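Below is one structure, written out as structure tokens; comments come after it.
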Number of protein chains: 2
Amino acid sequence: MSDGDSATPSTKGARAGRSRDSAASKEALLQSARILFGRQGFESTTIREIGEQAGVDASLIARYFGSKTDLYIAAVIAEDAGEAIPTEYEGLEQMAEVVLARADGRDGPGPVLQAIIRSDTSPEIRDAALDRLSRRLVTPLAAKMAATRDEDRPELRVQVAVAALLGISLGRSLGWFDELRSAPRDELVALIVDALGAITGETPER
Amino acid sequence: MSDGDSATPSTKGARAGRSRDSAASKEALLQSARILFGRQGFESTTIREIGEQAGVDASLIARYFGSKTDLYIAAVIAEDAGEAIPTEYEGLEQMAEVVLARADGRDGPGPVLQAIIRSDTSPEIRDAALDRLSRRLVTPLAAKMAATRDEDRPELRVQVAVAALLGISLGRSLGWFDELRSAPRDELVALIVDALGAITGETPER
DNA sequence: GCCTGATGCCATCAACCGATGACATCGGCC
DNA sequence: GGCCGATGTCATCGGTTGATGGCATCAGGC
């Protein structure tokens, strides 16, 4: 460009007075990514939308995260850290309550569930999501079950219970059926415990 | 183009000897759409891939179906008709067996489940899929339950049971956990009946 | 035998997308 | 005060996608 350019408001580069804080920009992108990926999924979320929501240019995504895929993985990690989901539980009831409470508090299934329910998720995203899911749900439930009951096929039982719980959570988030969507959470949790407790060995005390 | 073009094998239009059967072309597109949408979902399946798999040009999709979205809806209807899923069952066990058998026989979740698990599915696709799902699973299970037990909140129980069943089916199709993926179907069905029977009133006779 | 609608293919369009590199400005360091 | 790396924005690229319209060929009807 010619060197006659003057410092007008529309000149390139950071605008006068604009915040220059890479940690804040990065965090804004990450939180926007969590929200939008969690609501819409990977393909339906563009990096331009994420930048807009974060209030910065989308080109910073490549600078700070490397790629859209890497941003998604970072969003999964941030979600995992941000949700403060326990790694051990009093029991199935508490786990169901935690999962549904988190689900009810979000707009959409969240980036972790979005990643695992889609057959076209890239392997590295899927592995990151499944790893956290197992750590937060499967492993603790298996540990709990090993401590309380001696059932055959404990690992299968736990995996079936977690898959069922995720199906219920997803169905509720996406509003598959009227009652499932609108039922009070405590009533839903009670039904979940009745059902899944029958195979994990935690029958309700009533 | 110049009028000097000769009828060579690479000239435009239907090639010499090429089948001219719109019903066959349409059906080929539809079955290809079922398979690819069922395996990869809406966004990750292009109309060019569908045409290739069907052995015809993708432009015929617009001619015969109107749009990619309308093709998806036609695929959902075809899947529903093709799977011959009953609209009434002996009980939960038979329903679980049918759902898992169909799931195990496919490559991927299938177009109906793909449509309902994604938050970004268009409303008309979602409605078409949910309508069939309710007709094949929720309504029959509700009818069965009404005939056998007098529980509180029967509709909620049935909806929870179906959501759980779909979660298990999806988890198995996508290979979320090792045991869930590899367990023999009859063993998995037995666990599902133990769990979901506890809330639909069909306890196993053992 | 001719005509015409059906059938299928091809090229193209407009829009979008993830990624990249250039550039201006800022602020800390020397 | 000057320098230079950090920071942010902008324009652009190459590729992809769903949809469209033109064209050639075929086959049935008259």
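A note on names: the letters A, B, ... follow the listed sequences, proteins ahead of strands, and every chain is numbered from 1. Note that the structure is predicted; figures quoted are calculated from it, not measured.
- The CZ-C1' distance, from B:Phe65 to D:dT20, rounds to 18 Å in whole Å.
- At a cut-off of 3.5 Å, with distance as the only test, a side-chain donor of A:Gln114 or B:Ser119 sits close to an acceptor on the other residue.
- Candidate nucleotides D:dG8, C:dG18, C:dC9 were compared by shortest atom distance to the side chain of A:Ile47, and C:dG18 ranks first.
- Between B:Ser59 and C:dC9 there is no side-chain polar atom (N or O) within less than 4.0 angstrom of OP1 or OP2.
- For the OP1/OP2 pair of C:dG8 and a distance below 4.0 Å, the side-chain nitrogens and oxygens of B:Tyr64 include at least one atom meeting the criterion.
- Summarising the geometry, the separation between CZ on B:Arg48 and C1' on C:dC9 is reported as 13 Å, rounded to the nearest angstrom.
- Contact annotation: B:Ser22 reaches the phosphate of C:dT7 (side-chain N/O to OP1 or OP2, under 4.0 Å).
- Looking only at distances, no side-chain donor or acceptor of A:Gln53 sits under 3.5 Å from a matching main-chain atom of A:Ser32.
- If you check the side chains of B:Glu27 and B:Gln31, you find a donor sitting under 3.5 Å from an acceptor.
- With rounding to whole Å, B:Glu52 atom CD is found 16 Å from D:dG18 atom C1'.
- Across D:dT9, D:dG18, C:dC10, the shortest atom-to-atom separation from the side chain of A:Arg63 is found for D:dT9.
- Phosphate contact (OP1/OP2 of C:dG8, side-chain N/O of B:Ser25, threshold under 4.0 Å): present.
- The distance from atom CD of A:Glu155 to atom OG1 of A:Thr139, rounded to the nearest 0.5 Å, is 9.5 Å.
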